[in-house]
Amino acid sequence: MIEVQSISKTFKVFQRDAGMMSAFRALFHRKYTLVHALNGLSFTIQEGEIVGLIGPNGAGKSTTVKVLSGILVPDGGTCVINGRVPWKERKAHVKEIGVVFGQRSQLWWDVPIIDSFTLLKDIYRIPETEYQKNLAELTETLDLADILKTPARQLSLGQRMRCEIAASLLHDPKILFLDEPTIGLDVVSKRSVRDFIKKRNEEKGTTIILTTHDTLDLEALTERILLIGKGRILLDGRLEDLKQQYAEGSNLEDVVVRLYEEYHL
Amino acid sequence: MRPFFSMLKIRFINSMQYRAAAWAGVMTQFFWGFMELLLYLTLSRENPAAFTMTLPQLTSYLWLRQAFFAMFLLWSVDNDILDMIMNGDVAYEVIRPVSLYSLWFARNLGSRTSKVALRCVPILLVSLLLPKPYGLSLPPDVYSAVGFFISMILGVVLLIGMCMWIYIMTFYFITARGIQNIVGTFADFLSGSLIPIPFMPIGVQRVLNILPFASTQSTPYLIYSGYLSGTAALQAIGLQLLWIVLIVGSGILAMRKALLRVTVQGG
Amino acid sequence: MKLYLRFMGIHFRSSMEYKASFFMLGIATMIASLGGLLSLTFLFMRFHTIAGYTFSQVLLCFSTIVMSFALSEVFFRGFDRFEQIIRGGTFDRMLLRPCSLIGQILFEKIEFNRLSKVIEAAVVLAYAIPRSGVIWTADKILVLILMILGGVMMFAGMFLLFAGICFYTLEGLEVLNILTNGSENFGHYPVSVYGKWMLRFYTFIVPLACVQYYPLQYLLGRSDRSWYGLLPLAGFVFTIPCYCFWRIGLKHYKSNGS
């Protein structure tokens, strides 16, 4: 289903010291360091799994999601999803995935949600009947009926996130990437998002790859966890096993803290 | 003075970060000036009688204008300040223990000088080294040099005074961006930054010479080049002073009033 | 195609949402470009001819290049402001959609307010056409249209080139405006007024003279070489290497943060 083999990606980061003189010097010469965002990352994910990617800020989670979804071309390594290399057959690949970035929006800011949806229907070339069916289903399960006619900019964050999720599922993708989907949401919104994701996975068998800092997300959704740090997979295991291994109590946050400590992250 | 000095310094460091922008500025100004020079050379060859300035005067004018370009862009105002005024955050600025007018004045001056300090040196150097019809020549005498120096300072003060009026107007008109563009273009033209004022029709020249816009950049460059000298130069400097008193003075008063409005409204 | 019309609809609607500033910007754009026209007029009032061209003949040049630039700004703005598309993360989103990237970028930023400049250029052109001393025949009208279209393509090519560079720098290089804005600004006059070397530069490096100076020679009957009338096609050819460069840049896209 998803096979990632020793992927690597390096970025140049420019830096500068404080003060007038170094500001002036930087005019002529810029120092930079190479950051290995991904450094030999490998894993496999089967169809129908829910996998949580965890790791501290800057560990390479987002870069991983971007490579898998075909946004970034890695410097080395291979990645095959549904038999395709994402960045080589971009169009065919993206038709089968849905992506939600918690911190960004894919909805058109100034127009009613439903207009954004119709546009997406055309973009993904979804047949009318199928679109109507999916739309009705999503409207019901995500409780969108009242907000479909509101422009995105007037929605609360929780409402908008539900619309974002609906937007990325209109074309019925086999894989759904969620990059911090619950960030900034209130407790009730968080719960409804989680419930929906869980249900989607159970009923439709959608493969879900989730990055999050919220341990409650992990607890509620994932069975398997990939710990990413320094650009590679440090740990790949069942959530249950980890809990037993690392914490006497059942607090997942403690488990994660211990994991980070153990791997010096 | 200390807060203003710090303000200048942080602006300076901040704009140093944009090294690509600095080089781009230099290259653009240089290329732009050179192209225009070529156009005027063609004109002077074709119809020398209609050419009101001497060629060295015009060349000096063009290179000075290019070197100090960023100093005299009226519409290059601080967008942070505009936003602050528009969303009402300006009410918090009032609590600072210094006059807001002088603070913003210093801030504007800082960002302009830092931009120009970097950009003018290479342009002035290269244009001084260029061969005869193309290069910047030195002022004809000491008086022109001194006059240029004084008039330049006055011109900058006047320009920033005008810029402060853009801020003040933002207090009253919510969307200032469009106005800013329109005013900016007009000001560019009226200050002789598109074509030097001596090349405009006589009637237009008369009007422009009285308006405050010519007092910003045209006057210092014309004094430098020797086009304006003696009494004419002194008169021009006098006019600059007059406009400064009027525009800065009225600005300080208007700003006080505008701020009062904000604090009353905002509560 | 239907899809792009929809994109356009959405953009039009969202730009109309801010009606006041929409018209304001339109007027501002128009006035901003009036400065160039006014300068040109004033110079002619003093000098009467420039390099042997009359006022109306230069206006022919002025209006075609202004129109080309304005049209390219209306339709190809997405490439001109590509660094914004990259920085805001919009490009990530585009890569996630199963449609052509070029199409998406074109329709990401359509600036209708630039149409005011197109109108201004059209008015000037209408003034210049009967007064320029050109004997208008079908083929000359065709050449005039070709000049405008060739100009649009030339600017589009430049925008594409700069967008390609953005993949490496993640920020726009202001210095390149010399080429775009410079070509518009200096294209107000037939390029030959800037001398022999500039004519060469604007023929072989940037094809500005091909969409402006050479076809103008043909229109005015200043040259026997009738193939000068076909030179605006160079604007179209120019976009090919620019597009290739952009495709290469795409492989090096590095997205940004979070």
Side-chain angles (χ1 to χ4, degrees), chain A residues 9-14 37 57-58 61-63 65-67 69-73 75 86-87 89-112 115-116 118-126 151-153 167-168 171 173 177 179-180 183 211, chain C residues 1-19 21-22 84-110 112 167-171 173-175 246-258:
Chain A
K9 180 85 190 171
T10 309
F11 297 112
K12 269 184 193 174
V13 175
F14 292 97
N57 294 320
K61 298 187 303 292
S62 285
T63 311
V65 171
K66 283 178 182 169
V67 169
S69 55
I71 293 175
L72 287 177
V73 183
D75 302 334
W87 56 92
E89 294 169 70
R90 189 184 63 82
K91 286 187 205 173
H93 171 66
V94 297
K95 266 194 170 176
E96 294 188 351
I97 64 169
V99 186
V100 175
F101 289 112
Q103 322 227 37
R104 285 183 191 153
S105 178
Q106 61 172 316
L107 301 164
W108 280 263
W109 203 238
D110 296 315
V111 297
D115 284 352
S116 283
T118 355
L119 182 55
L120 285 169
K121 176 192 109 184
D122 291 341
I123 287 177
Y124 285 93
R125 300 196 167 79
I126 312 169
R153 69 184 138 90
S168 40
H171 56 290
F177 293 94
D179 193 9
E180 306 191 20
I183 196 162
T211 80
Chain C
M1 198 56 217
K2 184 180 140 221
L3 177 59
Y4 293 137
L5 285 177
R6 243 179 211 287
F7 261 116
M8 201 138 136
I10 278 214
H11 271 279
F12 197 70
R13 250 181 294 164
S14 64
S15 68
M16 286 301 281
E17 287 248 326
Y18 306 96
K19 268 184 214 102
S21 64
F22 176 80
Q84 290 174 2
I85 292 186
I86 286 188
R87 267 198 231 154
T90 314
F91 194 63
D92 284 3
R93 191 42 76 183
M94 291 177 172
L95 281 163
L96 291 176
R97 298 207 170 112
C99 357
S100 118
L101 289 170
I102 297 278
Q104 288 187 65
I105 296 163
L106 289 189
F107 286 87
E108 174 62 26
K109 280 199 190 300
I110 297 172
F112 293 103
F167 283 124
Y168 297 93
T169 59
L170 282 186
E171 56 191 66
L173 288 181
E174 211 193 328
V175 68
W246 188 84
R247 292 289 335 173
I248 295 169
L250 181 60
K251 289 214 182 88
H252 295 268
Y253 175 55
K254 13 184 195 286
S255 187
N256 66 346
S258 82

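To find a chain, count down the sequence lines: A is the first, B the second, and so on, and within it residues start at 1.
Under the salt bridge (charged side-chain N to carboxylate O under 4.0 Å, His left out) criterion, A:E96 pairs with A:R84, A:K174, sequence neighbours left out. Shown here are the side chain to side chain contact (heavy atoms under 4.5 Å, CB included) partners of C:R93, two or more places apart in sequence or in another chain: A:V99, A:F101, A:Q106, C:L96, C:R97.
A:T211 places a side-chain N or O within donor-acceptor distance of the main-chain N or O of A:E180, the cut-off being under 3.5 Å. In this structure, the side chain of A:R90 does not engage the main chain of A:G70 through any donor-acceptor pair within 3.5 Å.
At a 4.5 Å heavy-atom cutoff, the contact between A:K9 and chain C is made by side-chain atoms alone. Only the side chain of A:F11 comes within contact range of chain C, judged by heavy atoms closer than 4.5 Å.
Note: A:L72 leads A:L72, A:V65, A:T63, A:V73 in heavy-atom pairs under 4.5 Å with chain C.
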